[in-house]
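Reckoned from all heavy atoms, side chains included, excluding hydrogens, waters and symmetry mates.
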Amino acid sequence: MTAAPARGMRVSELAEAAGVASDTVRYYERAGLLPPPERTPSGYRSYDAGALDRLHFIQGAQRLGLRLTDIRDLLAIRDTGRCPCEPAEAVLRRRLAELDVELARLQALRAEMVAMADALPAADCPPPSPGTWCPPVEGGDPTCSS
């Protein structure tokens with residue numbers, strides 16, 4: 001007696017196992033991040049355990065802020081069996097540079113917000129002037145304009 005082939009996971013089962021929506025699984029397939037799965041005789045998608053591993057890889061890469069194109073490229077290299085370390089390093093270093101730029105932008109924004117908050121009058125706040133979000137300050141404080 002031969003054993004029946006193991007039934008793969010349906011879209012909803014794979015999605016639940018990975019903690020994503022079924023539409024996310026279908027989207028990743030359309031985007032080329034998941035290879036097209038086997039189909040049952042009735043046409044249902046049937047994913048193997050490798051699909052769950054790929055989804056976990058995708059989720060980890062997205063937590064790092066990698067773009068789907070970068071993730072697709074890394075998966076393609078991984079699929080060849082070659083070590084993806086060198087391309088992964090290049091992608092991660094580029095992402096780090098982007099983060100450094102964003103952090104600098106956020107630090108400048110924070111400094112500007114602190115200066116604006118410090119410039120607000122503390123007592124007897126007059127009503128704001130039309131077109132501005134804060135009241136005018138004596139001496140014409142430029143940080144308190146529209």
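- Residues D48 and M9 form no side-chain contact, since every pair of their non-hydrogen atoms from C-beta on lies 4.5 Å or further apart.
- Here side-chain hydrogen bond (donor to acceptor under 3.5 Å, both in side chains) pairs that include residues 29-38, with residues two or more places apart or in two chains, are E29-R45, E29-Y47.
- Going from atom CD1 of I58 over to atom CG of L75 covers 5.5 Å, rounded to the nearest 0.5 Å.
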Give the table of side-chain donor-acceptor pairs shorter than 3.5 Å for residues 10-19, with sequence neighbours excluded, one pair per line with atom names and distance.
residue	atom	partner	partner atom	Å
E13	OE1	R7	NH1	3.4
E13	OE1	R10	N	2.7
E13	OE2	R7	NH2	2.8

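- The side chain to side chain contact (heavy atoms under 4.5 Å, CB included) test applied to L64 returns L66, L92, not counting sequence neighbours.
- Between V20 and Y27 there is no side-chain heavy-atom pair separated by less than 4.5 Å.
- The side chain to side chain contact (heavy atoms under 4.5 Å, CB included) search around R67 returns T69, D70, R94, E98, not counting sequence neighbours.
- Residue pairs meeting the side-chain hydrogen bond (donor to acceptor under 3.5 Å, both in side chains) criterion with at least one member in residues 73-85, sequence neighbours excluded: D53-R78, R54-D79.
- Under the 4.5 Å side-chain contact rule for hydrophobic residues, I71 and I77 do not share a cluster.
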Show me the donor-acceptor pairs, under 3.5 Å and distance only, between side chains in residues 103-120 and residues at least two apart or in other chains.
residue	atom	partner	partner atom	Å
R105	NE	E102	OE1	3.2
R105	NH2	E102	OE2	2.8

